[in-house]
Amino acid sequence: MAHKPLFALIDCNNFFVSCERLFRPDLQERPVVVLSSNDGCAVSRSNEAKALGIPMGAPAFKYRQLFAQHRVTTFSANFELYGDISRRIVSLLTTVTPRIEVYSVDESFLDLSELPINDYAAWGRAVRAIILKHIGVPVSIGIATSKTLAKLASEIAKRDENHQGAYSFIHIPPAERDAQLESVPVNDIWGVGRRLAPKLRADGIGSALGMARMRPQRAQQLIGIHGRQMVAELNGVCCHPLARDHDSAKSIMRGRTFGEDTAKQHVLESAIATLGAQAAFALRRQGLLARRIGFFANTNRHKPGYRSWSYEETLLQPTADSGDIITRLVKKLDEVFIPSQQYHRLGVYLYDLVGAEVLQTDLLGYIDGHAHDKAQARMQALDAINSKHGKGKLYYAAADLSSKWQPKHHIRSPRYVSNWDELPVARIA
DNA sequence: TCTGGGGTCCTAGGACCC
DNA sequence: TCTGGGGTCCTAGGACCC
C-alpha cells in the first residue's frame, strides 16, 4: 500500500559560518561573516551578524567599517571544508532513513512516510540533537506533507526559539496553521523570487496564506504551471516527490570573476583554458561527455555600459577532452573578441551531457573511434598525474597561472579536513 | 578601488523540414 | 502573386534556487 507523502526538511543554520565555528569555538555568539570568492560579498552570516543589519549578499567593501566597529570576524569561503562537513551530515542522516534527497550543500529532504513516528516535532528535536552532538552544526527541521510546506516549517522552526529547532504541520489545528502561513511573507515561499513577489503583491497576495487561498487558475495565469503547483503544495498536496538516485548533471559550469577587470584577449584565453580544464575534469569524473560547449563573458554589471556575451556550439562528436574543448573555445574567442571592453567575469559551460558509455560509432562515420580512444588515454594520464601529485600540477600551456585574473582569497580558513598540511593541531602542555 | 559561483527549468523566436 | 501548420533544433535570455 502506498503511503501518504510526508517530508522532513533538514536545513543547516548559517551553514558556512557554522562550519567555521566548528574549529573556532571562540566565535560562538560572536558576529561572523563568510565572504564569497574575491571576498566580494557576504554569503553566510551568524545570527549576531544578521542582528547588526548585514544583509545576504552585502558587498564587503561597503561594510568594512561596520565589520571593524563591531569586531565582526570574516572568512573567505572555504568550499572544500563545507563540502566535507555536508557529506558527514548526509551520512549521519542516512542512518535515520535511506530515503533521502540531498537538495543542496546545506539542505536535505527525508521521506518519513514509512517511519513509525507519533510526535513529529519531538522526532525532529531528537534528530537535531543527534546532528548537534556528532557534527556540531545546528539545524532547523520542518515537517509537512509537501516540500513547500516543509520548507516553510523549517523557517518557522528557525525563527521562533520556542519550537527548539523543529516545527511540524502534521496534526496542527487549522487556525494555528493559518496563523503561521499568514506570518510568512509571500517572497519567502519556495519558488517566489524578486520578480514574482511584486507581481503577486500587485494581485493582493502578501503572505503564504494568501497564496494558499489563491484560485489555482489565477496562479497559473500569473506564474504558469509552477503557480498552480505552488498553491497545491501550500495546501499540503504533494506535487514534488522525493528525488532519489540523483540524476546525472545536465550541465557543468566553471566561472570566475577576475581579480581585476581586463581588456586583454590573452587573459580571457588563459581563463578559458583554466576553467575549461576544470569543467572537463568534472565531466570526466562523472563519466560524462558534452555534446554542446560554450563560454560567456561579461563586464561589471554594477558599472554603466554593462554588456554580456555568450557563445556555444554543438559538436558532431561528444567530448570530455580538455584539449579539444579548450582549443575550440579559444578559437571561437578569437572570432568574437571585442577589444576595448573591460571584462569582469568569464565562464565555460558544458551542456547536453551524455554518459560516456553510450558513445557509439556514428553511422555516418563522423566519429573516429581510434582518435577517441587516444584522447581518452591522454585524459586518463592527465587525471592520474593530477590526482597523484596534486590538483593542477599538469595543465595546458594556455592556462597562464601567473596572471592576475586569479581570484583573491585573503582570509580563507585552513582546509582543516581536506588538506594534510592544514590539519588542526592540538598541543598538550 | 572593492558587489559570488554553480545549478535547473522555462520561454520564445528563427531556421529548417515535411 | 499569394498562400499553411506542426514539429524539432538551435540559440539567447530570464527566473529561480542555494
Side-chain angles (χ1 to χ4, degrees), chain A residues 9 11-16 33-44 54-65 67 74-79 82-83 86 102-109 147-148 151 154-155 187-200 220 222-227 229-230 240 243 246-261 275 278-279 282-283 286 291-296 298-303 306-315 332 342 344-353 407-410 412:
Chain A
L9 175 68
D11 186 351
C12 299
N13 298 351
N14 317 330
F15 182 54
F16 299 168
V33 166
V34 173
L35 302 175
S36 60
S37 88
N38 275 325
D39 298 334
C41 56
V43 291
S44 182
I54 300 165
M56 187 64 171
F61 74 91
K62 282 190 184 169
Y63 285 82
R64 292 274 176 231
Q65 205 187 338
F67 290 169
T74 58
F75 291 91
S76 301
N78 183 346
F79 293 107
Y82 312 149
S86 176
V102 180
Y103 179 71
S104 74
V105 70
D106 64 343
E107 285 175 56
S108 291
F109 287 104
K147 287 180 174 177
T148 304
K151 294 269 278 186
S154 79
E155 286 303 314
N187 50 292
D188 284 355
I189 300 170
W190 195 28
V192 177
R194 66 184 207 288
R195 301 303 288 263
L196 286 183
K199 225 166 154 179
L200 286 162
Q220 180 154 6
L222 223 52
I223 300 173
I225 187 65
H226 285 145
Q229 290 172 343
M230 279 159 66
H240 306 292
H246 250 281
D247 298 339
S248 66
K250 301 213 165 62
S251 69
I252 290 172
M253 190 273 278
R254 288 293 178 274
R256 206 67 78 223
T257 297
F258 303 145
E260 52 190 77
D261 293 357
L275 297 165
Q278 287 175 11
L283 190 65
Q286 296 175 51
R291 211 163 69 86
R292 284 156 72 211
I293 64 175
F295 69 91
F296 66 87
N298 51 252
T299 63
N300 189 335
R301 69 179 193 280
H302 300 286
K303 287 183 182 167
Y306 167 71
R307 291 187 65 186
S308 75
W309 302 266
S310 71
Y311 302 97
E312 48 177 276
E313 63 179 288
T314 301
L315 309 175
K332 189 80 184 178
Q342 286 296 317
H344 182 72
R345 177 176 163 78
L346 181 142
V348 170
Y349 255 111
L350 309 175
Y351 323 78
D352 264 13
L353 310 184
K408 299 170 181 139
H409 300 282
H410 294 305
R412 194 186 61 202

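Just the heavy atoms: all of them, side chains too, but no hydrogens, waters or symmetry mates, feed the values below. Convention: sequence-line order gives letters A, B, ...; per-chain numbering from 1.
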Nucleotides 11-17 of chain C: which of its N/O atoms have a protein N/O under 3.5 Å away?
unit_1, atom_1, unit_2, atom_2, d
C:dT11, OP2, A:T314, OG1, 3.4
C:dA15, OP1, A:R195, NH1, 3.0
C:dA15, OP1, A:R195, NH2, 3.2
C:dA15, OP2, A:R195, NH1, 3.0
C:dC16, OP1, A:G193, N, 3.4
C:dC16, OP1, A:R195, N, 3.4
C:dC16, OP1, A:L196, N, 2.7
C:dC16, OP2, A:R194, N, 3.3
C:dC16, OP2, A:R195, N, 3.0
C:dC16, O3', A:G191, O, 3.4
C:dC17, OP1, A:G191, N, 2.6
C:dC17, OP1, A:V192, N, 3.0
C:dC17, OP1, A:V192, O, 3.3

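- Contact annotation: A:S251 side-chain N/O to B:dG6 OP1/OP2 distance is not under 4.0 Å.
- Summary of the strand contacts: A:G224 and A:G255 both lie near DNA chain B, and taking for each the nucleotide with the nearest heavy atom, the more 5' one is attributed to A:G255.
- Nearest to the side-chain atoms of A:C41 among the listed nucleotides B:dT3, C:dC10, C:dC18 stands B:dT3.
- For the OP1/OP2 pair of B:dG5 and a distance below 4.0 Å, the side-chain nitrogens and oxygens of A:S37 include at least one atom meeting the criterion.
- Closest approach to the A:H344 side chain among C:dC10, B:dG4, B:dG5 is made by B:dG4 (side chain taken as heavy atoms from C-beta onward).
- Two end axes, each from the C1' atoms of five base pairs, can be drawn for the helix from B:dG5-C:dC18 to B:dC18-C:dG5; they diverge by 10°, to 10 degrees.
- For the pair A:K303 NZ and B:dT1 C1', the computed distance is 8 Å after rounding to whole Å.
- Contact check, A:T257 against B:dG5: a side-chain N or O comes under 4.0 Å of OP1 or OP2.
- Of the listed nucleotides (B:dG7, B:dC10, B:dG5), B:dC10 has the atom at the smallest distance from the side chain of A:H226.
- The phosphate of B:dG5 has OP1 or OP2 within less than 4.0 Å of a side-chain N or O from A:R345.
- Distances were taken from every side-chain heavy atom of A:K250 (C-beta onward) to each of B:dC9, B:dT3, B:dG6; the shortest belongs to B:dC9.
- Here the shortest heavy-atom pairing between A:R64 and A:D39 reads NH2-O, 4.1 Å.
- For the P atoms, the distance linking B:dT3 with C:dC18 amounts to 24 Å, nearest Å.
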